[in-house]
Amino acid sequence: MTTAFPREALRTDTLAAARALIGARIVRGSGPNARIGRIVEVEAYVGVEDRASHARFGPTRRNAAMFGPPGHAYVYFVYGMYYCLNVVTEPEGRPCAVLIRAVEPIAGLEAMRAARHAVRAERAISGAGRGAAIPDDRLAAGPGLVCAALSITRADDGADLCGPDSDLRLDARPVDEPAPSVVTGPRIGIGYAPEPWRSEPWRFWETGNPSLSKRPSPLELGR
DNA sequence: GCAAAGATTTGCT
DNA sequence: GCAAATCTTTGCC
């Protein structure tokens with residue numbers, strides 16, 4: 001028995017929503033074939049005033065979902081190769097979202113692995129011919145990899161993640177699972193943004209989780 | 001209308 | 001550690 005992630009927890013402050021999403025589940029499909037990932041790393045993008053956000057130039061064809069109601073998906077295509085998944089936050093009209101940077105595979109690992117390899121073959125990345133095995137921990141350890149493992153594309157842009165019947169949806173952390181230990185730091189890949197946004201500690205992650213986008217140090221893994 | 005850079009990942013120098 | 005792969009969007013001509 002699982003519970004849909006409450007939309008009201010996304011309608012309010014984006015930084016609080018980002019922290020609350022650590023430990024929640026992203027679910028693709030239903031039944032025994034469902035792929036489930038536990039969110040372990042996210043980043044918050046807050047309004048048009050955030051000079052690191054895609055919303056900084058106002059609404060465009062690409063970022064329209066950011067201006068929509070909370071609890072829906074904003075999926076964008078970047079570098080001509082990868083998709084990235086965001087959860088839209090705050091009331092409709094305020095362009096805020098939380099980027100899902102990494103998830104820990106919980107179920108459907110073989111389907112995730114197959115999806116990763118399918119994307120690789122599709123993109124025809126040079127040198128990928130040998131197709132080295134992907135460790136379980138690394139199946140969705142990065143924003144582009146989350147979408148590859150869960151088969152997320154622009155077709156999912158605008159989908160309602162809080163709808164219990166959606167093919168792509170959010171589930172709350174199980175009540176019997178302890179609250180994760182969350183730490184913060186600067187966001188990644190936004191060197192183009194001026195201060196103070198470049199240095200705002202709006203990246204949230206679970207301490208020492210092996211599925212983080214940047215592999216944690218042995219010290220962190222050991223504690 | 002065209003040049004340039006991007007909320008990334010991978011493999012090779 | 002660096003550059004390539006590749007397409008959408010921005011910014012200037």
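Letters A, B, ... are given to chains in the order of the sequence lines, protein chains preceding strands, and every chain is numbered from 1.
Following rounding to the nearest Å, Phe57(A) (CZ) and dG6(B) (C1') show an atom-to-atom distance of 11 Å. In this structure, CG of Asn63(A) is placed 8 Å from P of dT10(C), rounded to the nearest angstrom. In this entry the distance linking CG of Leu85(A) with C1' of dT8(B) reads 15 Å, nearest Å. If you take OH of Tyr83(A) and C1' of dT8(C), they are 11 Å apart, rounded to a whole angstrom. In this entry the distance linking CZ of Arg51(A) with P of dG6(B) reads 14 Å, nearest Å. Between the NZ atom of Lys214(A) and the C1' atom of dT8(B) there is a distance of 9 Å, rounded to whole Å. When rounded to the nearest whole Å, the span between OH of Tyr79(A) and C1' of dC7(C) equals 13 Å. For the pair Phe77(A) CZ and dT9(C) C1', the interatomic distance rounds to 13 Å; values are reported in whole Å.
Each of Trp205(A) and Ile188(A) belongs to its own hydrophobic cluster when Ile, Leu, Val, Met, Phe, Trp and Tyr are linked at side-chain heavy-atom distances under 4.5 angstrom.
Of the candidates dT8(C), dT10(C), dT10(B), dT8(C) carries the atom nearest the Arg62(A) side chain, counting heavy atoms from C-beta on. Closest contact between the side chain of Pro143(A) and the listed nucleotides dT6(C), dT10(B), dT9(B) involves dT9(B). For Leu145(A), whose side chain is taken as the heavy atoms from C-beta onward, the closest listed nucleotide among dT8(B), dT10(C), dT9(B) is dT9(B).
Base pairing annotation: dA3(C) forms a Watson-Crick or G-U wobble pair with dT10(B), both donor-acceptor distances under 3.5 Å.
Leu99(A) comes within contact range of at least one nucleobase, with a heavy-atom separation under 4.0 Å. Among the heavy atoms of the strands lying under 4.0 Å from Arg116(A) are primed sugar atoms or P, OP1, OP2 only; no base atom is included. Across all strands, Arg187(A) comes closer than 4.0 Å to no nucleic acid atom at all (heavy-atom distances).
Salt bridge present: Asp167(A) and Arg28(A) bring a charged side-chain N and a carboxylate O closer than 4.0 Å.
The two residues Pro69(A) and Val88(A) come nearest to each other via the heavy atoms O-CG1, 3.6 Å. Scanning all heavy atoms of the two residues, the minimum distance from Ser213(A) to Arg138(A) falls at O-NH1, 4.2 Å.
Near DNA chain C, meaning a heavy atom under 4.0 Å from it, residues 19-27 of chain A has no residue at all.
In summary, the side chains of Arg19(A) and Thr184(A) do not present any donor paired with an acceptor at a separation below 3.5 Å, with no hydrogens or angles considered.
Annotation: of the two residues near DNA chain B, Gly191(A) and Val146(A), the 5′-most nearest-nucleotide partner is Gly191(A).
The local environment of CZ in Arg94(A) is sparse, with at most 12 non-hydrogen atoms from other residues, nucleotides or ligands closer than 6.0 Å.
Ring geometry, His54(A) versus Tyr76(A): the interplanar angle exceeds 60°, so the pair is classed perpendicular (tilted spans 30 to 60°).
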